[in-house]
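Residue numbers begin at 1 in each chain, while the letters A, B, ... track the order of the sequences.
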Number of protein chains: 2
Amino acid sequence: MTEIAAITGSIARAARIIDVLTLAPDGLALNQIVERSEFSKTTAFRVLANMQDVGFVFQDPESRLYLLGHKLAQISQTAARSNIAGMAQRGMARLAALSEDTVFLSVPEGAAAICVARATGAYPIRTLTLNIGDRRPMGVGAGALALFCALGDEKRTAILAANRGWMAEYGITDADISAGFAAYQETGYAANIGRIVAGTSAVSVPVITARKRVVGALAIGAVDARMTFERTNETLIPALTQEATLLARRMDEMEQG
Amino acid sequence: MTEIAAITGSIARAARIIDVLTLAPDGLALNQIVERSEFSKTTAFRVLANMQDVGFVFQDPESRLYLLGHKLAQISQTAARSNIAGMAQRGMARLAALSEDTVFLSVPEGAAAICVARATGAYPIRTLTLNIGDRRPMGVGAGALALFCALGDEKRTAILAANRGWMAEYGITDADISAGFAAYQETGYAANIGRIVAGTSAVSVPVITARKRVVGALAIGAVDARMTFERTNETLIPALTQEATLLARRMDEMEQG
DNA sequence: ACCATTATTCCGTTTATCGGAACGATCTGT
DNA sequence: ACAGATCGTTCCGATAAACGGAATAATGGT
């Protein structure tokens, strides 16, 4: 899961404990939290007490187990932006069932693309290129490329400038991005053929709301052999497009309500 | 929105700033956050910086606006329990459209019921009895009563004992709860006729997963005049029941996946 | 009723947080 | 393009809070 490098500040401690609790939907005893968070018992206890006060966590008075509290639900529900993962759930499951491959949802955050959801299909060779929480420079990888391509001219150039160094870590140059963008313009989808992880490919379409906000990108990843031209064009892209449209519509509904 | 009484501890400050940001999905400048949170500029800045480190908030480098970050999305997605609000969204919208009244979703937390989602219908007289985040003793109000009634015998008596004082604040006695429970047993739904807010009524059914976990309650509230016997039995309850079943199924899917 | 385990409180020390002020960047109007 | 104002960020000494370890209370199992 997400690593928090240097644990400085109470908020980082709180985040770590939330991380721990996130992995245990049925609740955790204080000792288990201490163990997994590697904090002292006192620290864990105090942080938990503070978080209880604000509703981030809740302690079942009967079992004494700590659970994530209602406040987090409230937050994630109100912030439509944060909720896209929840809203995409069903659609991604459908895509995973149809394609049998792995489906990713990435969202933009500044010049980065962050994977916020993943669904895996039945095919025995799984391509788990991205984990939930992973950050990539925009443009690097199918989903990140779809996000990039969907933006306006000025934003693209600004992002390109900001990400040059970060992109280099993945061996991606401006020319690669230009080529990817040209392909996107022509075909309407973003593709990444074995460029990040050898042997795996992915295609992606952006999710764009009625107000033209680019809120995410849906991608399907698979081993190269499964990503044929026919399958991509006749099956995967139409399905992705349909789900992206549906998801965009649901995001629109949220924004007004 | 939710008030945090005494602002003690960094976590409470963080929570307050998250609250502020939650109300502004499009982001907020530091000064606006300072103003609304009533913290000093330095404090707000430092807390925001800490929260950025862990991904709770994100600052758009271009506009310098602060937004809620990807980490919260991750949390709400992984914790199925926190995600029920997101998953119920569509169903609640359907119920609101059908009934034209107000639809509430409450979840259990210990001996309390917390409203985590709300959808309003087209009818001009709106009954907004509960706001998102509101807490009620279990048994007080239609949704809270549905949650209560769906539990096992031991739990019900334990909750009743724990909540006696709190219930009294709403003018509800053990006898009221018993009557409500008897009605639930007979009809299969929980009803609250003008007991909390005079002139308004509500009916509710629990949402129960395949593993018999009571994960929430869907309720419809309206002015008394609209809550006739016929409409309740022939329209509202069937619709509520159907959506509750659907929601339970989706919760089940999450638990395994 | 006892013992083992776990949760919570206490306490002296340390460290992160505090607000105000200084600094630097950005925007506005002319 | 420049000056003035505004906003965001960093620096500072003082303070308060968070820290870990030990003591105490509560719980569960036998």
Colleague: Round to the nearest Å and state the distance from A:Q52 atom CD to C:dA7 atom P.
Modeller: 13 Å

Colleague: Among C:dA7, D:dG8, C:dT8, find the nucleotide with the atom closest to the side chain of B:N31.
Modeller: D:dG8

Colleague: Is the distance from OP1 or OP2 of D:dT27 to the nearest side-chain N or O of A:R64 less than 4.0 Å?
Modeller: yes

Colleague: Rounded to the nearest 0.5 Å, how far apart are CZ of A:F58 and CD1 of B:I114?
Modeller: 7.5 Å

Colleague: Give the nucleotide from the list D:dT10, C:dT6, D:dA22 with an atom nearest to the side chain of B:F45.
Modeller: D:dT10

Colleague: To the nearest Å, give me how far apart CG (B:L48) and C1' (D:dT10) are.
Modeller: 15 Å

Colleague: Distance check needed: D:dT9 P versus B:F39 CZ, whole Å only.
Modeller: 18 Å

Colleague: How long is the line joining CD1 of B:I17 and P of C:dT17, in whole Å?
Modeller: 13 Å

Colleague: Could you state the CG-P distance from A:L65 to C:dT6, rounded to the nearest angstrom?
Modeller: 13 Å

Colleague: If the threshold is 4.0 Å, N to carboxylate O, is there a salt bridge linking A:R16 and A:D19?
Modeller: no

Colleague: Can we say B:D252 and B:R211 salt-bridge, meaning some charged N sits less than 4.0 Å from an Asp/Glu carboxylate O?
Modeller: no

Colleague: Answer with base, sugar-phosphate or nothing: what part of the nucleic acid does A:A49 contact at a heavy-atom distance below 4.0 Å?
Modeller: nothing

Colleague: For a quick test of reading the model: is some side-chain N or O of A:Q59 closer than 4.0 Å to OP1 or OP2 of C:dT8?
Modeller: yes

Colleague: So, taking the atom named OH in A:Y184 and the one named OG in A:S204, what distance separates them when rounded to the nearest 0.5 Å?
Modeller: 8.5 Å

Colleague: Separation of A:L28 atom CG from C:dT6 atom P, in whole Å?
Modeller: 13 Å

Colleague: Below 4.0 angstrom from OP1 or OP2 of C:dA16, is there any side-chain N or O of B:N50?
Modeller: no

Colleague: Which whole-number value in Å describes the distance from A:I11 CD1 to C:dA16 P?
Modeller: 14 Å

Colleague: Is there, by distance only and without an angle test, a donor paired with an acceptor across the side chain of B:K41 and the base of D:dG8 below 3.5 Å?
Modeller: yes

Colleague: Does the D:dG21 base have a donor-acceptor partner in the side chain of A:T42 within less than 3.5 Å?
Modeller: yes

Colleague: How long is the span from the CD1 atom in A:I17 to the OH atom in A:Y66, to the nearest 0.5 Å?
Modeller: 9.5 Å

